[in-house]
A.B. asks: 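Once you've had a glance at the structure underneath, I'll fire off some questions.
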Amino acid sequence: MKKLFLLFTLVFWGSIAIAQEEASCPTGYICSKTDSTSSVSSDSTTTVVSPPPSAISPSINTSNSDLCTVGVAGAVQTQILGISAGTTFTEDNCVRLKNAKVLYDMGMKVAAVSTMCQDPRVFDAMMNAGTPCPYDGLIGDAAKAAWIADEEAQPESTDRKGVLGNMDDETKSQAVGIGGVIGILLLLFGL
């Protein structure tokens, strides 16, 4: 009996499904069932334009105030090329001041003044003040007469020197090198 009931249920539901399918298509027409599927695909390209890496100047630490060194650094970056350079150089007048102070602190006042007189500006100022720089152990009027007699021993006055002034050869070469680097940088900026 159970089998008969199960068979009856299957036939009933199957006939309902067929009837619904036939009911959706009117008589005399040919009906077809279509399934449609759509898909959308998208391709995108992202271009990231970023600046070139930066040319970073070297760090030159001159925080110790007891040193007479000066740091100079510079960098330039173009779209093609980046250049960075840096150097330190010793400032001669700072060294002269430190030496004179140490001599004065040791009680050697004439030697301290003599050290300062190596600077042409100090030499000229001392002569104009009527207190000439020491000359070979002589001081006062005797030193003044000796300096006048031996003009070649006098420090060369700054107003008689060229553009680079009172620099020694090493400082002059550093100044010329820095000038060359600045010239190259200006050339690159012009591009």
Side-chain angles (χ1 to χ4, degrees), residues 52-191:
S54 296
I56 299 172
S57 295
S59 174
I60 300 171
N61 188 3
T62 58
S63 65
N64 185 351
S65 63
D66 197 35
L67 298 176
C68 290
T69 57
V70 178
V72 177
V76 67
Q77 179 68 47
T78 65
Q79 292 295 329
I80 299 170
L81 179 66
I83 296 176
S84 175
T87 187
T88 61
F89 62 92
T90 302
E91 211 277 310
D92 293 330
N93 195 47
C94 177
V95 173
R96 184 177 298 119
L97 288 169
K98 286 188 180 295
N99 289 339
K101 182 179 181 337
V102 169
L103 288 169
Y104 186 84
D105 290 345
M106 292 169 46
M108 305 189 77
K109 295 178 182 179
V110 176
V113 171
S114 182
T115 300
M116 290 302 299
C117 284
Q118 294 171 1
D119 184 351
R121 297 169 296 184
V122 174
F123 182 85
D124 291 343
M126 295 284 285
M127 289 297 268
N128 290 335
T131 54
C133 293
Y135 180 88
D136 204 19
L138 303 173
I139 58 172
D141 291 333
K144 185 174 186 176
W147 281 117
I148 291 172
D150 189 10
E151 287 188 20
E152 286 189 20
Q154 295 179 11
E156 191 172 329
S157 180
T158 54
D159 59 355
R160 291 177 280 175
K161 289 202 172 192
V163 175
L164 295 178
N166 199 18
M167 295 182 187
D168 61 358
D169 289 337
E170 182 181 345
T171 308
K172 285 180 186 176
S173 67
Q174 288 176 348
V176 170
I178 290 171
V181 169
I182 290 171
I184 290 171
L185 296 178
L186 290 175
L187 247 170
L188 288 173
F189 278 131
L191 296 175

A.B. asks: Not counting sequence neighbours, list each pair that qualifies as a disulfide (SG to SG under 2.5 Å) and has a residue in residues 91-127.
C.D. replies: C68-C94, C117-C133
A.B. asks: Taking only residues two or more places apart in sequence, or in another chain, which ones meet N99 in a side-chain hydrogen bond (donor to acceptor under 3.5 Å, both in side chains)?
C.D. replies: none
A.B. asks: Which donor-acceptor pairs under 3.5 Å do side chains of residues 103-116 form with protein atoms, sequence neighbours excluded?
C.D. replies:
residue	atom	partner	partner atom	Å
D105	OD2	K101	NZ	2.8
T115	OG1	A111	O	2.9

A.B. asks: For residues 128-148, which residue pairs pass the side chain to side chain donor-acceptor pair (under 3.5 Å) check, not counting sequence neighbours?
C.D. replies: Y135-D150
A.B. asks: Rounded to the nearest 0.5 Å, what separates atom CG in D119 from atom CE in M126?
C.D. replies: 12.0 Å
A.B. asks: According to the salt bridge (charged side-chain N to carboxylate O under 4.0 Å, His left out) rule, which pairs have a member within residues 69-81, sequence neighbours left out?
C.D. replies: none
A.B. asks: Which residue pairs satisfy the salt bridge (charged side-chain N to carboxylate O under 4.0 Å, His left out) criterion with at least one member in residues 70-83, sequence neighbours excluded?
C.D. replies: none
